[in-house]
Asker: 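Below you will find the structure I want to go over with you.
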Amino acid sequence: MNAPARINSALDVRSQLIEAITKAYEHDYATVHRGVYERSAAMTASYEAARAAASRLIGGEPNELVFTRGATEAINLVARALPKEGRSRVLLSQLEHHSNIVPWQLAGYEVDAVPLTKEGQIDLDAAEEMLTEEHRVVAFAHVSNVLGSILDAPRAAEIAHSKGALFLIDGCQAVPRLPVDVPSIGADFYAFSGHKLYGPTGIGCLWGRASLLEALPPWQGGGSMIDRVTFQKTTYLEPPMRFEAGTPHIVGAVGLNAAVNWVEQLSLDAIHAHESALVAETRAALSGISGVSVYGPEDSAGIVSFNVDGVHPHDTATILDEAGVAIRAGHHCAQPLMEWLGVPATARASFAAHSDSSDIEALVRGIEQVKRIFR
Ligand SMILES: Cc1ncc(COP(=O)(O)O)c(C=O)c1O
């Protein structure tokens, strides 16, 4: 199987990204939105070009795209800044990453968690029954970071809106794996991270519907987000600047722009098709090995969680690492999901555009080795 990234080695994301970041530090380095000197104006243009690229990727507008440190900060922003308007509950699901649980708890919401279907999808029939007019927000992962389950996001949006709740999507795992179009989904907020999208760490995005962002008060204060400051009263800039207090991760945004361009050149349809084929191949291969449990739905997006019976996933991961196969093992920041699976942890193979069948062959050889060692 040909991985799309390998079709044309000139499209290597690492070199495009490193080139963009190096150029930004070596030649263009300046702060943004302040200096009147030429370099600052040029850097501001690069920073805003990154905003345009990140919003374009998900079908949004630049003024709807707030740069954050990552999906975690994006969700914290909404949880902290959104007025509750008399609604003190949030509807989450059993498979959420801790980043989409803890911010709501810290912001004083009562949490309800929608169960999963036996395949590991968020049970939207149950969500419909559980949702009440006390819920301010419904917040679900678009793609589970453990099971790869893909949410029926337009239906989830309809359910949320039927009771007047807002719909936030944690798109961390979806943005690098699926074409996403926030207006056609009917999302109100969409959060994602640069480093999941082949980009740098420390940069992420919150997309919010323009009318919602306009009504949202700031959550952090400082430079760059104000209109006028006096000791008596401060007024604020329009979104997205209202939510970007302080000097942002400028070079991170430049790197993110390069990553978005790379992903767009490959096309998310092609990446999704490629990763789906790899998932099917992996699930078939692992199901053929006795004593291996495979989790999640057949049509998982690029992720296969598994366990070798009787072996802790950390041991599995260590032996696989010795065989040159890097997988993640643990609770994946999704402890409530581990509880649902009835295991303390899983091993997780996670594919990307540059993965191919040879990676699956190495995984299978490594698992055979795990079984030999622990026999
Ligand atoms: C589904 C999901 N949500 C949220 C996060 C948190 O992302 P970050 O740590 O980049 O803020 C992750 C990261 O693993 C994730 O997979």
Side-chain angles (χ1 to χ4, degrees), residues 54 57-58 65-80 90 92-107 111 113-114 116 120-122 137-151 153 156 167-178 180 185 187 189-207 219-220 243-244 248-249 252-253 255-256 259-260 275 295-297 300-305 317 326-338 340-341 345-352:
L57 182 72
I58 57 166
L65 199 292
V66 179
F67 281 126
T68 61
R69 279 195 300 123
T72 301
E73 190 174 73
I75 297 170
N76 273 278
L77 190 167
V78 177
R80 291 299 175 120
V90 61
L92 309 178
S93 86
Q94 189 77 34
L95 59 65
E96 298 311 314
H97 189 283
H98 298 163
S99 298
N100 193 26
I101 301 173
V102 184
W104 303 106
Q105 292 172 326
L106 287 173
V111 172
V114 176
L116 308 183
Q121 306 279 4
I122 299 172
V137 178
V138 174
F140 292 157
H142 202 172
V143 167
S144 159
N145 64 312
V146 178
L147 304 175
S149 344
I150 305 171
L151 175 72
F167 182 41
L168 178 145
I169 305 182
D170 171 357
C172 234
Q173 296 288 339
V175 159
R177 303 182 186 284
L178 308 171
V180 172
I185 289 172
F189 296 107
Y190 199 96
F192 60 101
S193 292
H195 67 106
K196 305 280 180 201
L197 186 63
Y198 307 91
T201 53
I203 184 86
C205 303
L206 173 71
W207 172 88
W219 78 306
Q220 289 180 340
F243 306 104
E244 293 182 11
H249 186 7
L256 180 62
V260 168
E275 290 186 4
Y295 308 107
S300 150
I303 291 167
V304 181
S305 264
I327 62 156
R328 170 108 184 251
H331 55 60
H332 312 288
C333 301
Q335 288 178 352
L337 176 53
M338 295 301 114
W340 183 82
L341 290 171
T346 70
R348 182 191 68 181
S350 178
F351 295 105

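Both counts, for ligands and for their atoms, begin at 1 and track the order of listing.
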Asker: List the protein residues in contact with ligand 1, where contact means a heavy-atom separation under 4.0 angstrom.
Answerer: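 For ligand 1, the contacting residues are Gly70, Ala71, Thr72, His97, Ser99, Asn145, Asp170, Cys172, Gln173, Ser193, His195, Lys196.
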Asker: With Ala79, which residues qualify under side-chain contact (heavy atoms from CB on, under 4.5 Å), at least two apart?
Answerer: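 Residues passing side-chain contact (heavy atoms from CB on, under 4.5 Å) with Ala79: Pro103, Trp104, Ala107.
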Asker: Give the table of side-chain donor-acceptor pairs shorter than 3.5 Å for residues 326-336, with sequence neighbours excluded, one pair per line with atom names and distance.
Answerer:
| unit_1 | atom_1 | unit_2 | atom_2 | d |
| --- | --- | --- | --- | --- |
| His331 | ND1 | Cys333 | N | 3.0 |
| His331 | NE2 | Gln335 | NE2 | 3.2 |
| His332 | NE2 | Gly330 | O | 3.2 |
| His332 | NE2 | Thr346 | O | 3.1 |
| His332 | NE2 | Thr346 | OG1 | 2.8 |

Asker: Taking side-chain hydrogen bond (donor to acceptor under 3.5 Å, both in side chains) as the cut-off, I'd like each qualifying pair that reaches into residues 67-77, sequence neighbours left out, listed once.
Answerer: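 For residues 67-77: Arg69-Glu73, Thr72-Ser99.
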Asker: For a quick test of reading the model, state the closest non-hydrogen atom pair linking Leu337 to Ser144 and the distance between them.
Answerer: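 Answer, listing the atom of Leu337 first, then Ser144: CD2-OG, 4.2 Å.
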Asker: Start with the C-alpha gap between Leu151 and Val143, add the side-chain angles, then the distance that decides, and say whether side chain to side chain contact (heavy atoms under 4.5 Å, CB included) holds.
Answerer: CA-CA 6 Å; Leu151 175 72; Val143 167; over 6 Å; no
Asker: Enter the distance from Leu92:CG to Asn100:CG here, rounded to the nearest 0.5 Å.
Answerer: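 The CG atom of Leu92 sits 5.5 Å away from the CG atom of Asn100.
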